[in-house]
Amino acid sequence: MVGPGGCGRGGAVTAGVFPGTGLFQRAAAAFAACVPVDPADDGFFGPGSVTWRLHADLSVPVSGLRSLLLQALHPLAMAGVDQHSQWRDDPAGRFASTAAYVLTTTYGDRATARAANDRVRKIHERVRGTDPVTGKPYEAGDPALLVWVHAALVESGLAAAALYGVALTPAEQDQYVAEMTAAAELVGVPSVGFAEGGAPASVAELDAYFAAVRPSLAASKSTEDIATYLIGMPDVEPELADVWEVLAAAAAASLPGWARAMYGFGAGGPARDSVPPEREAVRQVLGVLDAVYLGEPGVLEARQRLTLRMRAAQHEQHQQASGR
C-alpha cells in the first residue's frame, strides 16, 4: 500500500515524473534518480549491510513482483489498493513509485529516507474505507496492515534470492530480517517486539507471522484481476515481453504453496506452471534485463556509486576482522 515516494534531499524528484513510457524504462529512471550522489550519511542500513547486498541482487525483479502478488492476498490491503490506487491508470508509474520508495529507504541518507516516509504517511492518512468482501473497515496506517506489506516484501526478498540470487547463510537471513525492522518502523510500525505487534526480527518470527496471518487471507475478484494483470503485464515494453514472461513465471512459482492454491496457480489459473523455472534460465533472463537497465541514462553511474561504497565497507570489515 506504499504510495509515491520521492528521491533526493528535500523530495525534489518524485516518482510521478520519472521519464519514459514503459515499465522497465521508468523503473530504471527511478533507480538512477534515487541512488544518492552525495549522501549526508549511510542511512539506516549502510553499505556493509545484508540489506544493501540483497536489494542490489539480480533477483530483485522477481522478489518485487512476488511481493505484490503476496500482498494482494490480504483483503484489507487489497481493498485499499483497489479503492485508492491509480495502478490501473498508470501501472508503470505505480511500479516506479514503489521502486523509488524502496530505493530511497535502502540507499538514501537518514533525512531523505525520513522525508520519503513522511510523504507515505500523509498519503496513508487518506486511505481508508470498507472492504466490500469482508465488510471490515480498513486504514492504510493500521500497524497490522503495515506489518503485512512489510513481511511480504521481506519474505519475498529471501525467497527470490534463495531460488535465483545471492546465497545467504541462515545467519545472514536472520540479519536481513532484523535490519529491515528499521524500514518497518520508519513507515509507522511500532518499535516493539514481534510478540507486541512489531515487525518480525528473525526468520523464525517471519515464519510465525505468516502462520498466524494465513487464516485472514483470501483471494477475490480483485486479487484475481491484479494477478492476471501483473503476470500478463500488457504495459511492458514489447521488446521485453519475453523477459517479463519468465520473471512472472518465476515470481508465481516461487510463492508459498498455500498462496499458489489461493490463486489457483498450477490449476488453470493465470500462471499454469507448478514448478519454478530453472535457476540458470531465470538468471540468464535477469542478466539480460540488467544489461537493459545499465543502458538507461544514469543507471551505470548509480550502480558504480553503490559498488564503490559496498567494496569500501567490505574492505573495512575485513580489516577489522583481521585485527588491523
Under the side chain to side chain contact (heavy atoms under 4.5 Å, CB included) criterion, do D207 and V203 qualify, and how do the steps go? CA-CA 6 Å; D207 291 343; V203 172; 3.9 Å; yes

Evaluation steps, side chain to side chain contact (heavy atoms under 4.5 Å, CB included), between Y293 and L300: CA-CA 8 Å; Y293 266 78; L300 178 60; over 6 Å; no

Would R26 and L23 count as a side chain to side chain contact (heavy atoms under 4.5 Å, CB included) if you check the C-alpha gap in whole Å, the side-chain angles of each, and the deciding distance to 0.1 Å? CA-CA 6 Å; R26 292 179 73 176; L23 183 74; over 6 Å; no

What's the verdict on side chain to side chain donor-acceptor pair (under 3.5 Å) for S222 and D82, showing C-alpha distance, side-chain angles and the deciding distance? CA-CA 7 Å; S222 293; D82 210 32; 2.9 Å; yes

Where do Y138 and H74 land on the side chain to side chain contact (heavy atoms under 4.5 Å, CB included) test, with the steps shown first? CA-CA 11 Å; Y138 67 83; H74 195 301; over 6 Å; no

Could you go step by step and tell me if K221 and D225 meet the salt bridge (charged side-chain N to carboxylate O under 4.0 Å, His left out) rule? CA-CA 6 Å; K221 180 63 166 59; D225 287 347; 2.8 Å; yes

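Contact of the P200 side chain with the V147 side chain is registered, since non-hydrogen atoms from C-beta on lie closer than 4.5 Å. Under the 4.5 Å side-chain criterion, counting only non-hydrogen atoms from C-beta, F45 is not in contact with V50. Looking at S156 and L70, their side chains come closer than 4.5 Å, going by heavy atoms from C-beta outward. Residues T181 and F194 form no side-chain contact, since every pair of their non-hydrogen atoms from C-beta on lies 4.5 Å or further apart. Residues F95 and L68 have side chains in contact (heavy-atom distance under 4.5 Å, counting atoms from C-beta outward). Side-chain contact between L206 and L158 is present, with at least one heavy-atom pair separated by less than 4.5 Å. Residues M310 and S49 fail the side-chain proximity criterion, which asks for heavy atoms closer than 4.5 Å. A heavy-atom distance below 4.5 Å is found between the side chains of R309 and P39.
The same ILVMFWY cluster, assembled from side-chain heavy atoms under 4.5 Å apart, contains both M78 and W258. A single hydrophobic cluster is not seen to contain both I231 and V60; linkage of ILVMFWY side chains at heavy-atom distances under 4.5 Å, directly or through other members, places them apart. In the hydrophobic clustering of ILVMFWY residues, with side-chain heavy atoms under 4.5 Å counting as a link, V192 and V187 come out apart. Both V213 and M262 are members of a single hydrophobic cluster when ILVMFWY side chains are connected at heavy-atom separations under 4.5 Å. Under a hydrophobic-cluster definition in which Ile, Leu, Val, Met, Phe, Trp and Tyr are linked whenever side-chain heavy atoms come within less than 4.5 Å, directly or via other members, L168 and L58 are assigned to the same cluster.
Heavy-atom neighbours of D242 CG from other residues, nucleotides or ligands within 6.0 Å: at or below the threshold of 12. The number of heavy atoms from other shown groups lying within 6.0 Å of CD (E301) is above 12. Annotation: E245, atom CD; neighbour count of heavy atoms from other residues, nucleotides and ligands within 6.0 Å does not exceed 12.
Put simply, the side chain of D131 never gets that close to the backbone of L76: no donor and acceptor are under 3.5 Å apart. In this structure, T307 contributes its side chain and R303 its backbone to a donor-acceptor pair below 3.5 Å. At least one donor-acceptor pair under 3.5 Å links the side chain of R283 to the backbone N or O of Y164. Listed for the Q317 side chain is a donor-acceptor partner under 3.5 Å among the backbone atoms of G48. Counting only distance, with no hydrogens or angles, the side chain of R279 and the backbone of G165 share a donor-acceptor pair below 3.5 Å. Judged purely by atom type and a 3.5 angstrom limit, E172 uses its side chain to pair as donor or acceptor with the backbone of T169. Under the 3.5 Å distance criterion, the side-chain polar atoms of E237 are matched with a main-chain donor or acceptor of Q25. With W244 contributing its side chain and P238 its backbone, the two residues share no donor-acceptor pair below 3.5 Å. R260 contributes a side-chain N or O that, together with a main-chain N or O of A252, makes up a donor-acceptor pair within less than 3.5 Å.
Using the six-membered ring where Trp is involved, Y209 and W148 have ring planes that are tilted, between 30° and 60° apart.
Here the NE2-CZ distance, from H124 to R119, works out to 13.0 Å after rounding to the nearest 0.5 Å. Here the CZ atom belonging to R53 is positioned 14.5 Å from the CG atom belonging to L306, to the nearest 0.5 angstrom. Taken from CD1 in I226 to OG in S220, the straight-line distance is 10.0 Å, to the nearest 0.5 Å. The CG atom of L294 lies 9.0 Å from the CD atom of Q304; values are rounded to the nearest 0.5 Å. To the nearest 0.5 angstrom, E196 atom CD is 11.0 Å from S191 atom OG. In this structure, NE2 on H150 lies 7.5 Å from CG on L153, to the nearest 0.5 angstrom.
When every heavy atom of T104 is checked against every heavy atom of A113, the shortest pair comes out as O-CB, 4.1 Å. Minimum interatomic distance between A32 and A302 (heavy atoms only, all atoms of both residues): CA-CB, 4.2 Å. Pairing each heavy atom of V177 with each of A201, the nearest pair is CG1-C, 3.7 Å. In this structure, A140 and L146 approach most closely via the heavy-atom pair O-CD2, 3.4 Å. Closest heavy-atom contact between A56 and Y107: N-OH, 3.4 Å. Between A199 and E205, the closest heavy-atom pair is O-OE1, 4.3 Å.
Every residue meeting the side-chain contact (heavy atoms from CB on, under 4.5 Å) condition with T106, not counting sequence neighbours, appears here in chain and number order: T51, W52, H55, V102. In terms of the salt bridge (charged side-chain N to carboxylate O under 4.0 Å, His left out) criterion, residue partners of R128 (sequence neighbours excluded) are, by chain and number, E139.
Checked options L247, V285, V243, D290; the residue passing with P61 is L247 (criterion: side chain to side chain contact (heavy atoms under 4.5 Å, CB included)).
Under 4.0 Å is where a charged nitrogen must lie from a carboxylate oxygen, and between R110 and D42 no such pair does.
Judged by distance alone, the side chains of E280 and Q284 never bring a donor and an acceptor atom under 3.5 Å apart.
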